[in-house]
Protein chains: 2
Amino acid sequence: MNQPITAADKTFIALRDDIVEGRIEAGSKLSETELSTKYAVSRAVIREAINRLESCHIVERKANVGARVVALSPQGLIELYQVRESLEGMAARLAATNMTDDEIADLSALLQSHFNEVKGGESYYQEAGDVDFHYRIILGSKNKHLISMLFDGIYHLVRMYRVQLGMAGPRVTTAYDEHKHIVQAILNRDAELAEMLMRRHILYSKNSIERKLS
Amino acid sequence: MNQPITAADKTFIALRDDIVEGRIEAGSKLSETELSTKYAVSRAVIREAINRLESCHIVERKANVGARVVALSPQGLIELYQVRESLEGMAARLAATNMTDDEIADLSALLQSHFNEVKGGESYYQEAGDVDFHYRIILGSKNKHLISMLFDGIYHLVRMYRVQLGMAGPRVTTAYDEHKHIVQAILNRDAELAEMLMRRHILYSKNSIERKLS
DNA sequence: TAACTACATTTTGTCGACAATATGTGGCAC
DNA sequence: GTGCCACATATTGTCGACAAAATGTAGTTA
């Protein structure tokens with residue numbers, strides 16, 4: 001079922017996770033020889049991994065000089081959320097017309113399970129749940145480019161910021177209601193509203209984060 | 001001034017252009033050995049070039065099997081324009097607040113030169129002019145991710161479709177007015193309107209293309 | 001001391017060869 | 001003739017070595 005995974009794939013994922021989770025610090029230099037010993041692979045696969053990370057904007061590279069992990073800045077996070085607002089808004093719009101009834105039903109069920117968690121008391125709205133919710137809508141857009149840009153690129157960067165600026169599960173209480181309204185709009189096949197609500201939802205997230213940073 | 005360019009860079013660009021301009025046909029297989037003789041470089045640099053093309057979604061790759069140029073489909077073009085509408089809409093919004101007065105003045109001047117061309121008679125609104133207009137607004141957003149996604153990714157794909165489906169300079173007559181209104185909104189620093197107008201502008205383009213395809 | 005030059009060192013870029021995997025071909029059983 | 005298995009072939013994946021470029025260092029001069 002799973003397509004074969006090469007050493008370059010595994011190294012790419014391992015290196016990416018080490019960076020995103022902060023085990024390799026932001027702004028630090030990535031030495032090819034050093035990494036090749038660390039991950040026990042040849043420089044060729046390290047180079048391929050670094051190239052892919054560059055495509056994700058997780059590392060920056062200068063010819064004949066080398067690669068560095070990107071530096072995190074408040075401005076960078078804001079730019080990231082501007083892109084999210086744009087792309088995920090469109091994703092919600094498309095999801096409202098392209099998701100099947102079954103997929104929408106599943107989404108509603110997911111939302112219900114989140115409601116039970118929130119209602120249940122101390123268990124707050126987990127980040128994983130939030131991510132899962134957004135994933136389904138993005139997938140529901142059925143737009144290959146949208147899906148790839150968000151999953152392969154933006155989301156890892158967003159997580160990198162979250163982890164390294166120490167902000168887990170933001171805005172846990174109000175987000176549920178926003179999710180509910182988005183699902184309702186999709187259920188009504190109201191593309192316009194779904195986009196608007198999703199954009200607001202992400203805008204609020206951005207504002208909340210900006211507040212925490214200042 | 002210019003950063004050094006490696007053989008991999010040059011090969012990447014050459015290969016990309018050969019694909020985008022249709023000299024390598026859509027859907028065809030890319031043999032590493034074959035290309036390495038054709039471009040007179042080692043397989044390593046070919047592999048790097050192919051990897052980058054994969055990141056641009058210009059080629060698709062299966063592990064242990066190889067890479068193919070993506071196949072063009074009407075659906076694919078529509079998806080591309082959906083992403084463009086989303087991203088360039090946001091770019092216009094951001095440009096309305098982030099462009100300097102000087103940059104806006106330059107944009108107006110560019111528009112004026114287009115007007116002179118259009119007015120001049122037989123010389124229709126060139127594709128290059130259109131692209132230049134959009135470039136400036138995207139750059140004006142000052143958002144690194146937005147700029148990179150559009151310039152490094154989407155635009156080459158759009159051009160690939162245009163070239164290979166044989167549609168140069170679409171909607172040459174009406175596009176000028178739309179551009180004018182967008183610039184006016186940016187001049188007024190009306191972010192909301194700038195986004196809306198840009199989205200409409202791209203939506204019309206999409207509709208026009210869909211009409212030509214059917 | 002500051003700045004410039006020449007050299008040594010380190011790091012990245014490129015190459016050819018080998019290993020691992022997938023594809024194509026022929027033969028065999030039924 | 002059809003389906004399946006084994007083998008030959010071709011292609012991709014990985015590796016270590018060499019070439020080219022940038023950085024760091026020492027020495028010299030003003």
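Quick note on labels: first sequence line is chain A, next is B, and so on, each numbered from 1. Below, all heavy atoms of this structure are taken into account, side chains as well, without hydrogens, waters or symmetry copies.
- dT11(D) atom C1' lies 13 Å from atom CG of L35(B), rounded to whole Å.
- In terms of position on DNA chain D, the residue among L30(B) and V65(A) whose nearest nucleotide sits closer to the 5' end is L30(B).
- Counting only heavy atoms from C-beta outward, the side chains of H201(B) and H179(B) approach each other to under 4.5 Å.
- For the pair R68(A) CZ and dT11(C) P, the computed distance is 13 Å after rounding to whole Å.
- Under the rule for a salt bridge (Lys or Arg N to Asp or Glu O under 4.0 Å), the partners of R159(B) that lie at least two apart in sequence or sit in another chain are E21(B), E127(B).
- A tilted orientation is assigned to the rings of Y155(A) and H134(A), their planes being inclined by 30° to 60°.
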- request: Could you go through the side-chain contact (heavy atoms from CB on, under 4.5 Å) check for H57(A) and S148(B) one step at a time?
  value: CA-CA 9 Å; H57(A) 301 274; S148(B) 160; 2.9 Å; yes

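- At whole-Å resolution of the value, NZ in K62(B) and P in dT11(D) are 16 Å apart.
- One interatomic measurement links the two molecules: NZ of K10(B) to C1' of dG13(C), which rounds to 12 Å at whole-angstrom precision.
- One interatomic measurement links the two molecules: CG of N64(B) to P of dT11(D), which rounds to 14 Å at whole-angstrom precision.
- For R23(A), the salt bridge (Lys or Arg N to Asp or Glu O under 4.0 Å) partners at least two apart in sequence or on another chain are D18(A).
- Spacing between atom CD of E32(A) and atom P of dT14(C) amounts to 11 Å, rounded to whole angstrom units.
- Distance from the side chain of T33(B) is smallest for dT12(D) among the nucleotides dT12(D), dT12(C), dT14(D).
- Under 4.0 angstrom from either OP1 or OP2 of dT12(D) there lies at least one side-chain N or O belonging to K29(B).
- At whole-Å resolution of the value, CG in D9(A) and C1' in dT12(D) are 13 Å apart.
- For the segment residues 38-53 of chain B, the set of residues with a heavy atom within less than 4.0 Å of an atom of DNA chain C comprises V41(B), S42(B), R43(B), A44(B), V45(B), in numerical order.
- In terms of modelled atom types and a separation under 3.5 Å, the side chain of K206(B) and the main chain of Y81(B) share no donor-acceptor contact.
- Rounded to whole Å, atom P of dT12(C) lies 13 Å from atom CD of E54(A).
- Using a 4.0 Å cut-off between charged nitrogen and carboxylate oxygen, E85(A) and R199(A) count as a salt-bridge pair.
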